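Read the structure below first, then the notes.
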Amino acid sequence: MSLTQTPQDQYIKVGDINTRYWALGDGETTVILLHGLGSCVETWTYNIGALAQHHRVYAIDLVGSGRSDKPPTSYSLVDLAKFVQAFMDVLNLERASLVGNSLGGGIALQFALLFPEQIEKLVLANSLGLGKEIMFFLRLASLPWPSQLFRPSRISTASVLKQIVYDSAVITDDWVEVLYQIGNLPGTPEALQRQLRANIDFWGVRPEVYRPIVDQFATIHTPTLVIWGQQDPILPVAHAQFAAEQLPNADLQIFDECGHWSQVERSQEFNAAILNFLQD
């Protein structure tokens with residue numbers, strides 16, 4: 001599936017939030033895809049079709065992201081997990097497997113703690129919430145800069161995207177254009193700043209974000225697949241190894257020559273690993 005052949009945008013109200021999502025497939029089991037910080041459903045373009053061959057798959061633009069509403073609200077992992085649960089309620093989804101990349105992984109972990117009866121399986125792809133360490137650029141960006149500085153150009157969008165992947169050739173003009181357009185939607189720079197500052201400070205991931213998760217690892221019995229890029233420049237691969245060792249029911253898949261966007265950079269292997277995991 002190319003970036004020009006994506007599922008049709010759909011919108012529903014989650015509380016007061018007009019929420020964009022994609023839905024594909026008619027399988028009996030439900031999978032929900034949760035994107036990362038400053039991102040959108042398009043980052044699942046290479047995955048949703050493959051997963052939808054066996055499952056009913058939803059990809060959400062989280063509140064404050066993509067083409068969903070961006071209110072001046074809390075963007076803590078707890079509140080974002082509650083938003084995902086409210087999305088499920090609106091669509092009458094009783095249980096689902098959650099696949100989260102980066103911030104989305106942290107949300108999925110928090111969801112597993114808050115709503116364990118509603119989660120089938122958990123996939124953490126280059127996930128936030130597993131430790132303090134994070135790329136210096138994001139620590140710097142969390143400082144109280146004017147929101148105008150968060151309004152990207154095509155050049156700055158391309159530069160940021162090429163920094164987070166292993167092979168910059170992955171970042172085509174199509175990717176740059178999609179993320180540039182999303183990044184310049186009304187309210188996006190302000191919402192991105194709120195998301196950053198809710199989860200990151202100059203010293204790294206905020207302790208109140210990751211400590212409640214890692215301190216409760218022993219209670220997360222949900223079958224979990226941890227996927228990571230060996231060369232992830234944003235969140236270190238040591239976080240993946242820590243999670244795989246400490247979570248009671250976890251498997252680990254590390255892709256070499258791969259950065260932070262494992263679902264994009266190694267999409268075929270990523271999809272195969274998840275399909276195999278979900279079928280076990």
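As the structure is a prediction and not an experimental result, all values here were calculated from the model. What you see below is based on every heavy atom in this structure, not just the backbone, and it leaves out hydrogens, waters and symmetry mates.
- Between the N101 side chain and the A125 main chain, a donor and an acceptor come within less than 3.5 Å of each other.
- Hydrophobic cluster membership is shared by V78 and L113, with clusters built from Ile, Leu, Val, Met, Phe, Trp and Tyr side chains linked at under 4.5 angstrom.
- When D251, N276, L278 are each tested for a side chain to side chain contact (heavy atoms under 4.5 Å, CB included) with L225, only one passes: D251.
- Nearest heavy-atom pair, C40 versus I182, reported as atom, atom and distance to 0.1 Å: SG-CG1, 4.0 Å.
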Below 3.5 Å, can you tabulate the donor-acceptor pairs from side chains in residues 157-170 to any protein atom, sequence neighbours excluded?
residue : atom : partner : partner atom : Å
T157    : OG1  : S153    : O            : 2.8
D167    : OD1  : A169    : N            : 3.0

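- A side chain to side chain contact (heavy atoms under 4.5 Å, CB included) with I107 holds for exactly one of L80, L128, L98, I60; it is L80.
- Looking at residues two or more places apart in sequence or on another chain, you find a salt bridge (Lys or Arg N to Asp or Glu O under 4.0 Å) between R20 and D9, E42, D61.
- Linking ILVMFWY side-chain heavy atoms closer than 4.5 Å, directly or via other members, places V14 and Y11 in two distinct hydrophobic clusters.
- Taken from CD in Q216 to CG in L109, the straight-line distance is 11.0 Å, to the nearest 0.5 Å.
- The neighbour count for D215 CG, taken as heavy atoms of other residues, nucleotides or ligands under 6.0 Å away, is above 12.
- When the side-chain contact (heavy atoms from CB on, under 4.5 Å) test is applied to A52, the partners found at least two apart in sequence or on another chain are L24, V57.
- Contacts of T188 classified as side-chain contact (heavy atoms from CB on, under 4.5 Å), with partners at least two apart in sequence or in another chain: K70, L185.
- Remark: the Q263 side chain and the N126 side chain contain no N/O donor-acceptor pair separated by less than 3.5 Å.
- Counting only N and O atoms by type, the side chains of D69 and N18 include no donor and acceptor under 3.5 Å apart.
- By the 30° and 60° cut-offs, the orientation of the rings of Y21 relative to Y58 is tilted.
- If you look at F217 and F242, their ring centroids are closer than 6.0 Å.
- Side-chain contact of E245 with Q241: a donor-acceptor pair under 3.5 Å is absent, judged by distance alone.
- Looking at S74 and D79, their side chains do bring a donor and an acceptor atom within 3.5 Å of each other.
- What you find for A23 and Q10 is that their closest heavy atoms are CB-NE2, 3.8 Å.
- Screening residues 249-280 for ring-ring contact (aromatic ring centres under 6.0 Å, His included), with sequence neighbours left out, gives W175-W261.
- No cation-pi contact links R194 to Y75, judged by a cut-off of 6.0 Å to the six-membered ring centre and 45° from its axis.
- Under a cut-off of 6.0 angstrom, the local environment of CG in D173 is sparse, with at most 12 non-hydrogen atoms contributed by other residues, nucleotides or ligands.
- With no hydrogens or angles considered, a side-chain donor-acceptor pair links H55 and T29 at under 3.5 Å.
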Would S65 and Q195 satisfy side-chain hydrogen bond (donor to acceptor under 3.5 Å, both in side chains), going step by step from the backbone distance to the final call?
CA-CA 9 Å; S65 297; Q195 292 172 20; 3.2 Å; yes

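- Taken together through direct or relayed side-chain contacts under 4.5 Å among Ile, Leu, Val, Met, Phe, Trp and Tyr, L179 and I155 form parts of separate hydrophobic clusters.
- Contacts of E257 classified as side-chain hydrogen bond (donor to acceptor under 3.5 Å, both in side chains), with partners at least two apart in sequence or in another chain: none.
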